[in-house]
Amino acid sequence: MDNINYSLLNKRFGQHGQVTFTKDLNGMAVIEVANSHATATLALQGAHLMHWTPRKQRPVIWLSPAAKFGVGKSIRGGVPVCWPWFGPHPTQASFPSHGFARTVAWEMTDTQAMADGATRLSLRLIPNDATRAQWPHATDVALHIKVGATLEMELVTRNTGDSAVTLSEALHTYFAVSDVRQIALHGLGGSDYVDKVDSGDQLKHQTGPVTISAETDRIYVGSTTECVLDDPQWRRRIRIAKHGSRSTVVWNPWIEKAEKMGDLGTRGYLDMLCVESANAAEDTVTLAPDAEHRLWVNYSVEVLR
Ligand code: BG6
């Protein structure tokens, strides 16, 4: 049983039916958005966007058919918010991978029906004793999401304490693809990357688009420009624009790792590619007292005729 008052939330933030708070079939408290441009669903736990589908199009975001749902469990697929560290904690091996933001409760702070028909949602992470033990810093973190013909997300961290804070982060987006072996990811050619499948000791150099035919786990460093995920089989391109991010993570676990994970489904590795707008590896963010950092992305779809 959660102690969420759905009718109060619907009254306060409902936007005349554009935004609905409900408990879904998995028992998760979710926010459903439906407007003239798109539909979207977000779990309150983790502020985890689970789907975004522009009207008359295929889903853009992939959610695993074998995802596990529950209190404190990370959902496989969607857009996990990795914060305040990306990957393993730099010094504490027992702390959760990719930080705690994706598994703790967030609260709704605002919703807006925009003049252009889009819907804006704002959420804020609720710190608790466990998060304070793992992150003894005074920071506010908010996620703003604009559900429209494009999907915009902005992760805003403010240092409310009186000493500098260093963090890493990512919007760990799982994009739905026709067949990962058939797509090409443009925009990273000329960049160097940390290859986590290899030892990761030496930077490698990317020439041309990224294609996937084996396990891939890379942090492209100094990558600030947009990427385009070209999916000729589905006759579409997904444009991934960003600001406030100097690394891009490209991840697909491929067959063996996917089997071990147990929540990716049997052909999940073919159906998705993670392209994560991040500040990761050497690219951390240091915030002076009162300073703020914004990690912003915008996903748009170009349908090819
Ligand atoms: C990616 C990492 O961002 O996330 C991978 O680069 C990791 O190394 C993957 O395996 C999934 O992480 P998790 O914690 O969701 O299983």
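First listed ligand is number 1; within each ligand, the first listed atom is number 1.
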Please check whether S74 reaches ligand 1 - meaning an N/O of the residue sits under 3.5 Å from an N/O of the ligand, judged on distance alone.
no

Could you tell me whether Y174 and ligand 1 have an N or O pair separated by under 3.5 Å?
no

Short version for M261: what comes under 4.0 Å of ligand 1, heavy atoms counted, is neither

Relative to ligand 1, is K257 under 4.0 angstrom through side chain, backbone, both or neither, heavy atoms considered?
neither

Aromatic plane relationship, H89 with F95 - under 30° parallel, 30 to 60° tilted, over 60° perpendicular:
perpendicular

What is the distance from atom CG of L185 to atom OG1 of T248, rounded to the nearest 0.5 Å?
8.5 Å

Can you list the ligand 1 atoms lying under 4.0 Å from a non-hydrogen atom of K196?
2 (C), 6 (O), 8 (O)

Under 4.0 Å from any heavy atom of F86, which atoms of ligand 1 are there?
3 (O), 6 (O)

K242, R237, R239 screened by salt bridge (Lys or Arg N to Asp or Glu O under 4.0 Å) with E226, the one that passes
R239

Shortest non-hydrogen separation from G268 to W62 and the atoms involved
CA-CZ2, 3.6 Å

Mind checking whether R218 has a heavy atom under 4.0 Å from ligand 1?
no

For ligand 1, is there an atom lying under 4.0 Å from some heavy atom of E215?
no

Would you indicate whether L304, at its atom CG, is surrounded by more than 12 heavy atoms from other residues, nucleotides or ligands within a distance under 6.0 Å?
yes

With ring centroids as reference points, do F100 and W85 lie under 6.0 angstrom apart?
yes

